[in-house]
Every structure is written in structure tokens, then in C-alpha cells.
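Below: one structure, written as C-alpha cells.
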Amino acid sequence: MANFFAKGLLLSVAFGLLTACNDTETRPQLDIDGKTMGTFYSVKISGQLSESRQQLQQEIDALLEQANDDISTYRANSVLSRFNQSRSAEPQPIPRGMADIILTAQRIGRDTGGAMDITVGPLVNLWGFGPDKRPVTIPSQRQIDAAKNDIGLQHLKLIADQRGEWLQKDLPDLYVDLSTLGEGYGVDQLVKLMARKGITNYLVSVGGAVSSRGVNGQGKPWRVAIQKPTDRENAVQALVDLHGYGISTAGSYRNYFEQKGQRYSHVIDPTTGRPIVHQLVSATVIAPTALEADGWDTGLMVLGTEKALKLAQEKGLAVYLIGKTDNGFTAVMTPQFKAFLVQ
């Protein structure tokens, strides 16, 4: 699967679970869908628009194309790819949006003790889950150790002043991969577009990241379903009202390979250099922005249930974790998440 972002669509809009009352005012609803970042985007708007559907879709596509041109590791000439290709230790100019992503990644990386590390790309590629995909082989410990020598957030410096933003590395082979936050960033860009246009009733999604505001075409709050960790579509684990927040889910059960009876997840632990082996299979985070949610879910997935839950409680995060047991699946959540849950 040539996916720029490998999280998968683990959230869905729960239209089929909504029942409209007879006295609820219906309104026009516009659905715009497309492809971006190796996955799909969706924009749903209720109410009248001041412009044509075609014009709005062109603006959406242009916005997401710009995001790709900035942070895609699959485009050789993107800003991020040029930074990765360079072996220079000199600061390189980057756009403001990319700087915002890196700043968020650095903070969450520190808070998770390095579990969320945007420089883990060499390990992701080594295991066959990055843009440099190769025939599936199990890397040797020597290969893993060599790749680990080229990673680490401490080797990446973000510089900002009144003139702009720059990114600097002190390892020539340092490789930055923003795919763990890209979907959330794309969603937040769409949210800003809606605000600029005065659109107050919408649900926008890019891959596994979603944000919403207002009501749908039935006059009801938009609801998002967290899917059960199975390959069955529409297997709903929980239902939430976002109330203007962003949500993102990371899972380990849809992007993997198997060899000799062993399953290897695309979620790589930077500490061990190997795919995670614990029983946490899904981490969902609700945060003020989709970017924030998208950064936290991956870090929590790497940590595993106990460490993730403890950290989420310390930070006051709205988190929902699904783990695998011998008897099926079990879910735990923080009190902050429960506030969004549809009972």
C-alpha cells in the first residue's frame, strides 16, 4: 500500500447511527471527497454555500496539494524531501505550517520520552513501511543498530525569528518523517479554510484525523465512530461528539506483514528499533486541534496501554485505548475522553 500516511481510516462518520426526529429541520448538505497524501479526504458541509461546489473543491485540493509539496516524503522535490536529501548542517528555510508541525512533534516527543520521534524514518524504511519500500526481510540487529545511530530528536533544531523559520540538523543522514502528524495538519488546514469562508457547520477528515463543528444536514451534532480493531467495516467500538475538537486514531492492526507466523506492525518503537509487541492495538485522542491529536496517538501507541494511560492522566488528555486480550478486546479511557462519549 503506497500510503503517505500509514494510520489507516480507523474513524468514520456515524450517519447510519443517527435518527432524525420528525420536527428536526433539515438543511442542504454538501459532500466533497478526494484523494490526498496517499489517503482520502472528506468535507461535509450543511447549509447554503456562497460559492459553487466546484470552486470550493478546487480550493480544497489546492490547499492539500500545498501541504503535500511541503511535507511529503513521497515527493522528491517537497520541502521536507529536499531537507532530508541535503547533508548540510546549515539551517534551511521552511514554511510556517511545517514549522508548526515540527514544534508540536518536538514537544510531544519530549513528553513521551522519545516514543513519538519524527526522525525514526530510517527504521521505518528498514522495516519496509516507508517510501523506500523493499522486499520484506527481517532486519538484523546490526542493521537496526546502524539505523538507530542516525535518529534522534536531539539532532534536529527549529529556528524562528521575525524573518521566518529554519530547520537544522547535525547528522548528515538525519531523516525527518512528518507522516505521523500529516493527516492532522491537513485537517487543521481545512478547518482554517472553513473559518475563512464563514462556514460554521462542517465535518472534515483526512485519513484517520477528523474535526467538526456545528450540525449536520439533519440538524444534529456530527458524530464520529471509533471502529473496533477488526478488518470488518462499520464495526463500531464507541461514538463521540467532537464539539469543535479534533480526533485522531492510530492502530497497529491494519498495516503489517507476517513472516513465519510472526506479525510485524508498522508502528516502530524508536527505543528498540523494532515494531511494537505489546497488546495495545488502537489509541484515539481528542484534542483542541487535529494536529495535536495526531501527534499524541502515535506516541501513545508506542508506549503501550499502561504507560500511555498513565501519561494521558498526567497530561489531562482525552484518550481512548483498545487492547487485545486472550478473550477479545478491552477498552480504557480517561475522564476527559468520557466527556465526549455519546451514551
Side-chain angles (χ1 to χ4, degrees), residues 1-13 31-44 56-85 94-102 104-105 108 116 118-121 124-125 128-133 175-194 202-212 224 227 246-251 254-255 266-268 284-285 287 289-298 301:
M1 180 171 61
N3 230 351
F4 177 21
F5 300 122
K7 290 190 176 181
L9 189 58
L10 307 177
L11 301 168
S12 60
V13 185
D31 293 355
I32 298 176
D33 303 286
K35 295 181 179 180
T36 186
M37 302 177 179
T39 184
F40 299 92
Y41 77 79
S42 174
V43 175
K44 301 179 185 298
L56 180 58
Q57 181 153 16
Q58 288 175 348
E59 293 182 62
I60 290 169
D61 288 338
L63 191 71
L64 295 174
E65 271 297 291
Q66 183 60 59
N68 268 306
D69 285 341
D70 289 344
I71 65 173
S72 173
T73 55
Y74 285 80
R75 294 187 178 182
N77 202 39
S78 72
V79 175
L80 183 58
S81 289
R82 293 198 303 271
F83 176 82
N84 286 335
Q85 291 159 11
I94 60 173
R96 172 65 59 85
M98 183 172 161
D100 290 342
I101 301 174
I102 291 170
T104 300
I108 296 176
M116 207 289 284
I118 55 174
T119 72
V120 77
V124 175
N125 290 335
F129 293 108
D132 300 332
K133 290 197 174 182
Y175 180 96
V176 177
D177 186 349
L178 300 178
S179 60
T180 54
L181 301 99
E183 293 175 358
Y185 174 70
V187 165
D188 287 346
Q189 293 301 103
L190 293 176
V191 167
K192 291 177 182 178
L193 179 63
M194 298 296 107
Y202 61 80
L203 183 143
V204 296
S205 66
V206 178
V210 182
S211 187
S212 71
V224 176
Q227 295 186 5
I247 186 172
S248 181
T249 293
R254 285 192 176 176
N255 191 7
H266 76 280
V267 181
I268 307 297
T284 299
V285 181
T289 67
L291 174 61
E292 185 85 4
D294 206 7
W296 275 107
D297 64 1
T298 300
M301 270 300 306

Query raised in the report: Which is it for Glu292 and Asp188 under the side-chain contact (heavy atoms from CB on, under 4.5 Å) test, yes or no, and what are the steps along the way?
Result: CA-CA 10 Å; Glu292 185 85 4; Asp188 287 346; over 6 Å; no
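- Contact detail for Ser78 and Ser72: the closest heavy-atom pair is OG-O, 2.5 Å.
- Within the 4.5 Å cutoff, no side-chain heavy atoms of Val120 are placed close to those of Thr180.
- At a threshold of 4.5 Å between non-hydrogen side-chain atoms, the residues Ile94 and Phe83 do not count as touching.
- In this structure, Asn84 contributes its side chain and Val176 its backbone to a donor-acceptor pair below 3.5 Å.
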Query raised in the report: Hey, mind stepping through Asn68 and Tyr74 against side-chain hydrogen bond (donor to acceptor under 3.5 Å, both in side chains) and telling me if it holds?
Result: CA-CA 9 Å; Asn68 268 306; Tyr74 285 80; over 6 Å; no
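- Contact of the Val267 side chain with the Phe129 side chain is not registered, since no non-hydrogen atoms from C-beta on lie closer than 4.5 Å.
- Distance check: Leu291 CG to Ser211 OG gives 11.5 Å after rounding to the nearest 0.5 Å.
- Minimum interatomic distance between Pro95 and Val79 (heavy atoms only, all atoms of both residues): CD-CG1, 3.8 Å.
- Taking 4.5 Å as the limit, every side-chain heavy atom of Gln227 sits out of range of all side-chain heavy atoms of Thr249.
- Here the side chain of Asp294 pairs no donor or acceptor atom with the backbone of Ser248 at under 3.5 angstrom.
- Atoms CG and OH, from Leu190 and Tyr41 in turn, are 8.5 Å apart once rounded to the nearest 0.5 Å.
- Met301 CE to His266 NE2: the interatomic distance, rounded to the nearest 0.5 Å, is 7.5 Å.
- A pairwise comparison of heavy atoms in Met116 and Leu181 identifies CE-CD1, 4.1 Å as the closest pair.
- Between Val204 and Val187, the shortest heavy-atom distance links the atoms CG2-CG1, 3.9 Å.
- Ile108 contributes atom CD1, which lies 9.0 Å from atom OG1 of Thr298 (distance to the nearest 0.5 angstrom).
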Query - Full working for side-chain contact (heavy atoms from CB on, under 4.5 Å) between Thr289 and Thr104 - result: CA-CA 11 Å; Thr289 67; Thr104 300; over 6 Å; no
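- Taking all atoms of both residues into account, the shortest heavy-atom contact from Leu203 to Val224 is CD1-CG2, 4.0 Å.
- Judged purely by atom type and a 3.5 angstrom limit, Gln189 has no side-chain atom pairing as donor or acceptor with the backbone of Ile60.
- Residues Met37 and Ala67 approach most closely at CE-CB, 3.7 Å, considering heavy atoms.
- Annotation: side chain of Leu63 is not in contact with side chain of Gln66 (no heavy-atom distance under 4.5 Å).
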Requested in this report: Report the C-alpha separation of Asp70 and Leu178 in whole Å, then their side-chain angles, then the decisive distance to 0.1 Å, and conclude whether the side-chain contact (heavy atoms from CB on, under 4.5 Å) test is met.
Outcome: CA-CA 10 Å; Asp70 289 344; Leu178 300 178; over 6 Å; no
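- Atom OG of residue Ser212 and atom OH of residue Tyr202 lie 7.5 Å apart, to the nearest 0.5 angstrom.
- How far OH of Tyr175 is from OG1 of Thr73: 4.0 Å, rounded to the nearest 0.5 Å.
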